[in-house]
Amino acid sequence: MLWLWCRIPLTKVKSIRENLREKGLLKNFLKEHPFNMIQNRLNQKPAPQGKVSRQPLRNYFDMAYVGNISIGTPPQQFSVIFDTGSSDLWVPSIYCQSRACNTHRVFDPFKSTTFRYSGVPIELEYASGMMSGYLGYDTVRISNLIIMGQEFGYSQWEENEAFDHAMFDGMLGLGYPGLIAQPVFAFYLSTNKEEGSVVMFGGVDRSFYKGELKWVPLTKPNYWQIALDRITWRGYVVACKSGCQAVIDTGSSLLIGPTKEVINIQKLINAKPFQEEFLIQCSTMNTLPDFIFTINNVQYPVPARAYIQKVRGQPRGNFSGGTEDLSDKEFWILGDVFLRLYFTVFDRGQDRIGLAPAV
């Protein structure tokens with residue numbers, strides 16, 4: 001079978017967290033909506049068929065890279081998060097009564113000659129909110145990829161004010177089974193520039209990485225889950241001491257682990273809690289060493305310039321806790337902090353992930 005190759009530009013936008021911080025709303029929001037992670041995501045039971053489709057829960061709070069797709073004939077355009085941690089495509093619709101839908105583009109089925117109604121309700125629960133609506137079928141265009149009769153969700157309700165502050169309209173899931181037929185896709189996330197990030201389907205562009213790809217077998221394909229050997233700092237193992245599991249996740253911006261281990265890491269880098277976040281002294285930024293994530297016996301350094309982010313001139317840590325709610329064993333999520341350093345290939349055909357230093 002011949003697979004179509006295409007490359008889709010992604011734009012780095014302000015996350016919901018950044019928008020709330022700028023408006024002075026972050027502290028109260030985090031107190032009212034604890035969102036670190038969600039309960040029992042890995043053990044989520046499906047709802048009865050034909051009623052509600054419950055999917056793995058996502059933390060969309062820090063998502064920051066969006067791309068454009070269109071749905072319908074003629075095409076209606078939307079900005080979406082390309083999310084390896086879920087398998088759903090959904091956008092707001094004209095039926096939505098939530099305030100968030102007034103500030104985002106909405107799908108109008110009456111303006112599409114190829115739309116088909118299913119009548120099947122869908123409900124997606126998130127760490128700090130919920131989307132509910134219905135499933136429909138229509139033509140989806142992703143760059144030069146055209147998918148006829150694609151199932152997608154269109155919202156009737158988006159619960160929680162966080163959606164109001166999102167710089168994206170909806171989500172496109174790239175988890176298993178996924179709506180993209182191509183068995184291989186890859187992400188390159190630019191470091192500081194708004195433009196320059198891409199997601200590519202059907203092939204890999206070697207100009208985005210250095211050296212050779214190191215392949216890592218999946219331990220749980222549904223979540224792009226791999227084995228993590230250990231995390232070290234200054235030669236000492238500081239987390240994942242007996243080996244643990246991790247997911248490579250384009251839908252998370254941070255390095256997320258168990259709260260106990262993350263608090264210990266915050267202490268190592270002398271980060272101080274402030275208004276539900278951790279701040280770091282400017283004078284220490286240039287002296288802090290790398291954290292080393294060892295995966296399949298290969299070391300992947302994460303330097304201070306990656307695990308520390310400057311916001312309005314104030315350095316903040318890019319570690320977050322909460323994965324103890326996902327599993328009774330140690331579990332990590334390697335989000336955009338990691339992906340900006342390492343070009344990542346997701347190979348569904350051979351159940352593996354490829355990593356190489358990004359250019």
Side-chain angles (χ1 to χ4, degrees), residues 1-13 55 58 63-93 104-109 111-116 118 122 124 135-154 168-190 195-209 213 221-222 224 248-251 339 343-354:
M1 182 178 292
L2 178 64
W3 300 108
L4 180 65
W5 188 91
C6 74
R7 198 168 79 187
I8 300 160
L10 302 178
T11 302
K12 189 176 187 296
V13 299
Q55 301 297 330
R58 304 293 299 125
M63 294 176 178
Y65 290 88
V66 303
N68 291 324
I69 68 166
S70 67
I71 302 175
T73 308
Q76 300 176 42
Q77 185 166 293
F78 301 92
S79 62
V80 298
I81 298 287
F82 287 85
D83 177 23
T84 57
S86 65
S87 302
D88 311 292
L89 168 61
W90 69 267
V91 295
S93 80
H104 293 86
R105 287 171 285 196
V106 295
F107 177 74
D108 186 345
K111 293 182 178 178
S112 174
T113 59
T114 47
F115 175 77
R116 288 188 293 117
S118 75
I122 183 173
L124 303 177
L135 293 174
Y137 301 89
D138 212 330
T139 300
V140 174
R141 293 171 176 83
I142 308 169
S143 184
N144 56 337
L145 292 177
I146 300 176
I147 309 169
M148 312 290 286
Q150 172 60 47
E151 182 182 79
F152 72 102
Y154 54 96
F168 54 88
D169 301 315
M171 293 191 196
L172 189 153
L174 293 172
Y176 281 65
L179 60 89
I180 305 295
Q182 273 74 356
V184 175
F185 60 93
F187 277 84
Y188 170 79
L189 301 185
S190 62
E195 308 298 331
S197 301
V198 295
V199 56
M200 52 200 77
F201 295 96
V204 173
D205 188 337
R206 293 185 62 91
S207 67
F208 287 102
Y209 66 92
L213 289 165
N222 300 44
W224 297 106
I248 309 293
D249 188 3
T250 62
L339 290 164
F343 179 85
T344 306
V345 180
F346 297 84
D347 186 349
R348 188 183 287 117
Q350 299 190 55
D351 288 337
R352 62 182 184 171
I353 283 176

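Every value quoted in this text rests on a predicted model; they were computed, and no experiment measured them.
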Check whether [X] reaches the backbone of [Y] with its side chain - one donor and one acceptor, N or O, closer than 3.5 Å.
{"X": "Tyr188", "Y": "Gly196", "answer": "no"}
{"X": "Arg105", "Y": "Pro92", "answer": "no"}
{"X": "Asp347", "Y": "Val184", "answer": "no"}
{"X": "Ser87", "Y": "Gly173", "answer": "no"}
{"X": "Thr73", "Y": "Thr113", "answer": "no"}
{"X": "Ser118", "Y": "Leu135", "answer": "yes"}

Test item: [X] and [Y] side chains (from C-beta on) under 4.5 Å apart, heavy atoms:
{"X": "Met171", "Y": "Val80", "answer": "no"}
{"X": "Ile248", "Y": "Thr84", "answer": "no"}
{"X": "Tyr65", "Y": "Thr250", "answer": "no"}
{"X": "Phe82", "Y": "Ile69", "answer": "yes"}

Can you give me the closest heavy-atom contact between [X] and [Y], atom names plus distance?
{"X": "Val198", "Y": "Pro9", "result": "CG1-CA, 4.2 Å"}
{"X": "Ser112", "Y": "Asp138", "result": "OG-OD2, 2.6 Å"}
{"X": "Arg7", "Y": "Asp205", "result": "NH1-OD2, 2.9 Å"}
{"X": "Ile146", "Y": "Arg141", "result": "CG1-CG, 4.1 Å"}
{"X": "Ser197", "Y": "Ser190", "result": "OG-N, 2.8 Å"}
{"X": "Val204", "Y": "Ala186", "result": "CG2-CB, 4.5 Å"}

Euclidean distance, [Y] [atom2] relative to [X] [atom1], rounded to 0.5 Å:
{"X": "Arg348", "Y": "Leu174", "atom1": "CZ", "atom2": "CG", "answer": "7.0 Å"}
{"X": "Ile71", "Y": "Asp108", "atom1": "CD1", "atom2": "CG", "answer": "12.5 Å"}
{"X": "Trp90", "Y": "Glu151", "atom1": "CH2", "atom2": "CD", "answer": "15.5 Å"}

Can you confirm if the aromatic rings of Phe115 and Phe107 lie within a centre distance of less than 6.0 Å?
yes

Which one of Thr11, Asn68, Asp169 satisfies the side chain to side chain donor-acceptor pair (under 3.5 Å) criterion with Ser79?
Asp169

Check the orientation of Phe201 and Phe185. Use parallel for under 30°, tilted for 30 to 60°, and perpendicular for over 60°.
tilted

Phe152 vs Tyr154 aromatic rings, parallel, tilted or perpendicular, using cut-offs 30° and 60°?
tilted

